[in-house]
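In what follows, every chain begins at residue 1, and chains take the letters A, B, ... in the order their sequences are listed.
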Number of protein chains: 2
Amino acid sequence: MRSRTSARAQITDVAARARVSPATVSRVMNGHASVAADLVERVLSAADELGYRASPVARSLVLGRTQTIAVMVPDMANPSFQEVLRGITRAAAADGYRVLVADSQEDVTQEPGLAREARRHCDALVLCAPRMSDAELAALVPALAPVVLTHRGPTPGVPTSSADYRGGIAALLDHLAGLGHRRLVYLAGPPSSASHRRRLEGIAAHVADHPGLSVDVLPCGVGFEEGYAAGEAVRRSGATAALAFNDLVAMGLLSALHEAGVAVPEEVSVTGFDDIPFARWTTPPLTTAAVPHGDLGQEAWRRLRALLDGEEPPPDVLVHPEVQVRASTGPARAEGAA
Amino acid sequence: MRSRTSARAQITDVAARARVSPATVSRVMNGHASVAADLVERVLSAADELGYRASPVARSLVLGRTQTIAVMVPDMANPSFQEVLRGITRAAAADGYRVLVADSQEDVTQEPGLAREARRHCDALVLCAPRMSDAELAALVPALAPVVLTHRGPTPGVPTSSADYRGGIAALLDHLAGLGHRRLVYLAGPPSSASHRRRLEGIAAHVADHPGLSVDVLPCGVGFEEGYAAGEAVRRSGATAALAFNDLVAMGLLSALHEAGVAVPEEVSVTGFDDIPFARWTTPPLTTAAVPHGDLGQEAWRRLRALLDGEEPPPDVLVHPEVQVRASTGPARAEGAA
DNA sequence: CCTTCCCGTGAAATCGCTTTCTCGCAACGA
DNA sequence: TCGTTGCGAGAAAGCGATTTCACGGGAAGG
């Protein structure tokens, strides 16, 4: 009943078989202290024969750490969150940490609760919370530490790994302006989105600096459908170029434009944001501001690890999106040729 | 040092504050046995004041279960795995289970080790292992139980939640044949892929049943790049329609064809497989065999839950992909008009 | 040759909770 | 009125590891 191989071998089984105490087995298994060579040998072979592996749960209890972190995302189906998740998972795995996923299913109201809950089961948390209000976030963060943020600009007191959305949209604007576009539309993200507000700032600043340039803001959203639905409005706007909140929206818009027989980029140029893997494969391939979400995930992990190790985390990451020029943008059509 | 709010409140703190024993606190918190109403009240308010929540790790140790499952996927970036993961995560969350992700990074050789490792940290496992050999799988499964499989046909002794790839490709073939296509090409997945072999079977059976129909098999792969690279071969093949291993490959092919000036579907029809969300938004929108991966994930969870509850799991799921007819397929061009 | 120090090992405490097991008390029947 | 019965609450025994503490023996030093 005890040394049966039916149940998993325990440390006492190994100890008995190696004729040593559990303490010694523990020491050997963890490479601690110095144990006589022959005992090490005995323990190791006993452990091997029994297929012994220490119970992670028991270790967690006594050690006070689980070697696990959680990542909360609003929607696992969105490639940009998914890439961050993937980046974190791989980086953490390389350091022997596992990751727990928490999907808030786009319901911002239950994100704080979910985050707290997720946090209780592990050692640290990565929060992808682009929509949570600053106030709520500030209230939540202390209860979550150690924690790092992504998909949201720098926040006091919390290591962050994010992109310069403001600079990214400005770069896109430069690109478009360079092609002769003067009347643009921006397909806006959700008003509550922090990164959307950064884009708005970037647009405002750019317009202020460049007389003769106008950017209409069209309420839109974050997905294909919304981009598709905005097709009509974009056409009516008379703009020669449209900047979508993200690549998904851009793809929806591309579809709508194609169906309506509007040539891209000859009649209207379209840009996305994020440079998800799919962006390269649209027709025409999408010009977009590349945000290396995988790297952001990796950087988020570096900061978390520092926090876990009691070290000072590296300074915030703020990657500057680079414009990936592809075929969805081109010279502005002649004025009044709409 | 003890009742300080610095550290998390423990069960003894609550017990002390409510002037009862830890046993009673435990009973109240878990709604066990009958406890006098006034004690319940005292315990509840004490717990509330202290913000007490039982340590999941300690509970796991004594209860012998973690309320966590793991999901192993070959690549989190692939939408079809990602959808399954998402489906499982949501379904499991609804039942109070958390999910741990294990990403094998497409390295089949380390999947067995990774699966075992992941399994040790939780109560059960979902294996998305389309490429692992049957032999390896059979050897691995006993060590992993409870476990359920997805992305792979029914396997003896293991509950499975998968799609009828064979039937799916046949349905696509029917659709194409109905449009007058006689010379087709199949852009093959990796030879080690179980679902690829099912497709091959489906093709062979269909060809045998329909004289005059020919399907060339072109080695290809699973991603955009491979589909793109196959563009040239598809054109040279003289086929009037191409069936891609999955939607990603189809998108790559669509790009290549577009660049080469080949009209889709006028000159060549293209089909995908999976019906990932992006398929609706390609240009032209992709005709594909729809596999409801989210539902598959949910069904995988149902089986796992039954296993966890010591019940008999529901019979294997084998969803029959439905052809989503969109604009990438059309009547075959006239013979010899290539 | 004897004392002291050091080092390797085992016994026991601990992590925070759940769950018997045990005990005391009130209610019930004779 | 006294012995059972039943029920609610606490004491204590785990769950399976790690780690402090104490101890015994061999090497080094006087």
Q: Name the nucleic acid region contacted by B/V25, choosing base, sugar-phosphate or nothing; use a 4.0 angstrom heavy-atom cut-off, strictly under.
A: nothing
Q: Check whether the side chains of B/S193 and B/S195 place a donor and an acceptor atom closer than 3.5 Å, and report yes or no.
A: yes
Q) Which residue, B/T24 or A/A58, contacts DNA chain D at a nucleotide closer to its 5' end, judged by nearest heavy atom? A) B/T24
Q | Listed once per pair and sorted, the side-chain hydrogen bond (donor to acceptor under 3.5 Å, both in side chains) pairs that draw on residues 52-64 of chain B, sequence neighbours left out | A | B/N30-B/R59
Q. Salt bridge (charged side-chain N to carboxylate O under 4.0 Å, His left out): which pairs involve residues 116-140 of chain A, sequence neighbours left out?
A. A/E117-B/R98, A/D134-A/R152
Q: Taking heavy atoms of chain A and a 4.0 Å limit, find me the 5'-most and 3'-most nucleotide of DNA chain C within that range.
A: C/dG8 to C/dG16
Q.
With no hydrogens and no angle check, just 3.5 Å: does a side-chain donor-acceptor pair link B/R8 and B/Q10?
A. no
Q: State, to 0.1 Å, how close B/D75 and B/E106 come at their nearest heavy-atom pair, and which atoms those are.
A: CB-OE2, 3.5 Å
**Q.** Whichever of A/Q10 and A/R27 has its nearest DNA chain D nucleotide further upstream toward 5'
**A.** A/Q10
Q: Taking all non-hydrogen atoms of both residues into account, name the closest pair between A/M72 and A/L125 and its distance.
A: N-CD1, 4.5 Å
Q. When all nucleic acid strands are considered with a 4.0 Å heavy-atom cut-off, which category describes B/V57: base, sugar-phosphate, or nothing?
A. nothing
Q.
Ignoring hydrogens, what is the shortest heavy-atom contact between A/G153 and A/T160? Give both atom names and the distance.
A. O-CG2, 3.9 Å
(Q) Base, sugar-phosphate or nothing for B/S26? Non-hydrogen atoms, less than 4.0 Å. (A) base
Q.
For A/P159, is there any backbone N or O sitting under 3.5 Å from a side-chain donor or acceptor partner on A/R303?
A. no
Q.
If you compare all heavy atoms of B/I88 against all heavy atoms of B/G297, which two are closest, and at what distance to 0.1 Å?
A. CG1-O, 3.3 Å
Q.
With salt bridge (Lys or Arg N to Asp or Glu O under 4.0 Å) as the criterion, how do B/R302 and B/E299 come out once you've worked through the C-alpha distance, each side chain's angles and the decisive distance to 0.1 Å?
A. CA-CA 5 Å; B/R302 282 188 53 207; B/E299 290 301 325; 3.1 Å; yes
Q: Please round to 10 degrees the angle between the axis of the first five pairs and the axis of the last five pairs in the helix from C/dC1-D/dG30 to C/dA30-D/dT1.
A: 60°
Q | Outermost DNA chain D nucleotides near chain A [under 4.0 Å, heavy atoms] | A | D/dG16 to D/dT20
Q.
My understanding is that only residues two or more places apart in sequence, or in another chain, count here; which of them pass ring pair (Phe, Tyr, Trp, His ring centres under 6.0 Å) with B/H151?
A. B/F81, B/H293
Q: Answer with base, sugar-phosphate or nothing: what part of the nucleic acid does A/A54 contact at a heavy-atom distance below 4.0 Å?
A: sugar-phosphate
Q: Look at all strands and tell whether A/A36 reaches a base, only sugar-phosphate, or nothing, counting heavy atoms closer than 4.0 Å.
A: sugar-phosphate
